[in-house]
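All values below were derived from every heavy atom in this structure, side-chain atoms included, with hydrogens, water molecules and symmetry-related copies excluded. In what follows, chains are A, B, ... by sequence order, proteins preceding strands, each numbered from 1.
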Protein chains: 2
Amino acid sequence: MTYQQYMEFIQHTSESIFSECPVRKTLELLNGKWKLILIYELSKKNSYRFGELRKAIPTITNTMLTSTLRELEEIDIVHREQYNEIPPHVEYSLTEKGKSFFPMFFEIAKWGEKYL
Amino acid sequence: MTYQQYMEFIQHTSESIFSECPVRKTLELLNGKWKLILIYELSKKNSYRFGELRKAIPTITNTMLTSTLRELEEIDIVHREQYNEIPPHVEYSLTEKGKSFFPMFFEIAKWGEKYL
DNA sequence: CAGTATCCGTTGAGATACTG
DNA sequence: CAGTATCTCAACGGATACTG
């Protein structure tokens, strides 16, 4: 995307009042320390178990992993599938809405590879 | 970008250990409630004055605007230009590194327009 | 296994008042 | 105009104990 193209885009989104701006609203939705990190991790595989996520993101605590998963479930970004076996078995995966963040992660990766 | 293309990309970035992953590192760099919102606002114009940013983002406080601007200056995303006049005059703008977030905002906007 | 409950300490953020 | 200083409150972190 060129600078010129971005300027045309931003002129368009700027017309919506600030609180109705899709960028602003999306950023607010994803506000919180772990949301994007978790969505990104979930994008790597079809499904994850709770303990698997803990290992994949070693710095998150039990409590924060649970509450972040619940919040993402609430807004239909994460799907929780429970299998009533003994021992219990739960699978977390991204919904279609969640998978729609893929292009954004791709752009973030390009930025990171260039500047970090 | 297709699903297949994302899967190839993610397989590549997953090879780097978690803490070295460019996506993860970028997300950590941008961690904080106001960083992305501020960078996005700064993307709309060539430069902003302090008071102008306050008006543009009415929900941010004086304190958080100052400290977020300082943090973004530190990592070379925001440039601060001070004019020693009376009354004081300061201009904030994005560096090239800051402007490199444009494609990401474009993807975020597309997501928001589709799902919000 | 996949959590919840509790408590407590630390850090991030908000509100208000004030200043070079 | 462009901020600081200070105080308070909410979010997050870390440990431990416990359960369907």
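- Dashed line: the shortest gap from a side-chain N or O of B:Lys33 to OP1 or OP2 of C:dG14 is under 4.0 Å.
- Rounded to whole Å, the distance from CG on B:Asn31 to C1' on C:dG12 is 10 Å.
- By the 30° and 60° cut-offs, the orientation of the rings of B:Phe102 relative to A:Tyr6 is parallel.
- Checking the phosphate oxygens (OP1, OP2) of C:dG12, no side-chain nitrogen or oxygen of B:Trp34 falls inside 4.0 Å.
- Listed in residue order, the members of residues 41-67 of chain A having a heavy atom less than 4.0 Å from DNA chain C are A:Arg49, A:Phe50, A:Gly51, A:Thr66.
- Here the two rings, on A:Tyr48 and A:Tyr92, have centers that are 6.0 Å apart or farther.
- Within the structure, every side-chain polar atom (N or O) of A:Arg70 is placed at least 4.0 Å from both OP1 and OP2 of C:dA2.
- Side-chain atoms of A:Pro87 lie closest to C:dC1 of the nucleotides C:dA2, C:dC1, D:dC1.
- A heavy-atom distance below 4.5 Å is not found between the side chains of B:Leu36 and A:Val23.
- Computed from coordinates, the A:Leu69 CG to C:dT4 C1' distance equals 14 Å when rounded to whole Å.
- Side-chain N/O atoms of A:Tyr92 include none lying less than 4.0 angstrom from OP1 or OP2 on C:dC1.
- Summarising the local packing, CD of B:Glu81 is surrounded by more than 12 heavy atoms from other residues, nucleotides or ligands at distances under 6.0 Å.
- Taking the six-membered ring for Trp and thresholds of 30 and 60 degrees, A:His89 and A:Tyr83 have ring planes inclined between 30 and 60 degrees apart.
- Under the Watson-Crick or G-U wobble criterion, with both distances below 3.5 Å, C:dG20 is paired with D:dC1.
- In this structure the side chain of B:Ile37 never reaches within 4.5 angstrom of the side chain of A:Asn31, judged on heavy atoms.
- In this entry the distance linking NE2 of A:His89 with C1' of D:dG20 reads 17 Å, nearest Å.
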